[in-house]
Every structure is written in structure tokens, then in C-alpha cells.
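Read through the structure below, which is laid out as C-alpha cells, and then see the notes.
Keep in mind the model is a prediction, meaning the values are calculated, not measured.
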Amino acid sequence: MALSLYQIAVDAHDLPGLARFWCQVLDWKVLFEHPEEIVIGADEHAWPGIVFVPVPEGKSGKNRLHLDLSPDDQAAEVDRLIALGARRADVGQGSDVTWVVLADPEGNEFCVLRPKTSLSA
């Protein structure tokens, strides 16, 4: 295949703050920093990365695209992420789901799943 997922772009107001948050969440590092974009990743050769770009408007409504994270221990990871600055979010998921919806410091929702071993389970 001649196409690969290179990076995920996230609109932001506080690029350094949001980049630091996600670096802590994923145990990644800042790979490139400029006033108009900050790129983070596990390694400069490990795709995909995340790029934070400035926007003037605030977030409105539920994300149309979000990240799903798979931890070893869901409850412990949710506690760690909340301590880093995430907050619980209600997007209509109900109380009987197996994932936890959180929002990053700028309100972007993401999910902490139960532990996963494949993309099909």
C-alpha cells in the first residue's frame, strides 16, 4: 500500500499545554515545536504522530473523531488521566458501556477502553 496514516491533527488554543498533556498521557515526546504547530510522537520514525495547530475558535459540540486508548488497567488509567488534567465527559454513552469517556484540558473527548489484545475484540 502506498498510503500510511502519518499524523492526527488537533485544533488547539494552548498548543504547548495540550502537547504536554498528551505527551504525559501517551508517554510520548515533543518532536517538533513551532508557533504554528507542535508535533508529538513515540519516536520521530514511529507513525502516526499527533500535531497540534492553532485555531481562533473554541470547540463546540461533540467531536466527530476521537481517540480510543487501551490500558492494562482501565480504572487505574482513568485515575491517572484525571490527575493529569482530564475530566469525565458525558456524550450520551449511558451507564452500561465498557469504556470511560474523558475530555482533555481543551474539551476534546477520548475513550479509555477495557484492555484490548486485537482490533477485532
Could you give the distance from [atom1] ([X]) to [atom2] ([Y]), rounded to the nearest 0.5 Å?
X: N108; Y: D11; atom1: CG; atom2: CG; result: 8.0 Å
X: R64; Y: E109; atom1: CZ; atom2: CD; result: 12.5 Å
X: F32; Y: E44; atom1: CZ; atom2: CD; result: 12.5 Å
X: L18; Y: D104; atom1: CG; atom2: CG; result: 4.5 Å
X: D72; Y: Q74; atom1: CG; atom2: CD; result: 12.0 Å
X: E37; Y: F52; atom1: CD; atom2: CZ; result: 11.5 Å

Taking all atoms of both residues into account, what is the closest heavy-atom pair of [X] and [Y], and its distance?
X: P48; Y: L5; value: CB-O, 3.7 Å
X: Q7; Y: I50; value: CB-N, 4.4 Å
X: E106; Y: A12; value: OE1-CA, 3.2 Å
X: H13; Y: E57; value: NE2-O, 2.9 Å
X: P54; Y: P35; value: CG-O, 4.2 Å

Do [X] and [Y] belong to the same hydrophobic cluster, where Ile, Leu, Val, Met, Phe, Trp and Tyr are linked whenever their side-chain heavy atoms lie under 4.5 Å apart, directly or via other members?
X: V112; Y: I8; result: yes
X: I38; Y: V10; result: yes
X: V30; Y: W28; result: yes
X: L26; Y: L102; result: yes
X: V39; Y: W47; result: no

Please confirm whether W22 and F110 have ring centers closer than 6.0 angstrom.
yes

Are more than 12 heavy atoms from other residues, nucleotides or ligands located less than 6.0 Å from atom CG of D68?
yes

Taking atom CG of D43 as the centre, report whether more than 12 heavy atoms of other residues, nucleotides or ligands fall under 6.0 Å from it.
yes

Taking the side chain as C-beta and beyond, is there a heavy-atom pair between C111 and L69 under 4.5 Å?
no

State, with a plain yes or no, whether a side-chain heavy atom of V100 is found less than 4.5 Å away from one of R88.
yes

Any donor-acceptor pair under 3.5 Å from [X] side chain to [Y] backbone:
X: S118; Y: S120; value: yes
X: H66; Y: V101; value: no
X: S70; Y: K116; value: yes

Expected list for residues 75-85: side-chain donor-acceptor pairs under 3.5 angstrom, two or more places apart:
unit_1 : atom_1 : unit_2 : atom_2 : d
E77    : OE1    : R80    : NE     : 3.4
E77    : OE2    : R80    : NE     : 2.8
E77    : OE2    : R80    : NH2    : 2.5
R80    : NH1    : Q24    : O      : 3.1
R80    : NH2    : V25    : O      : 2.7

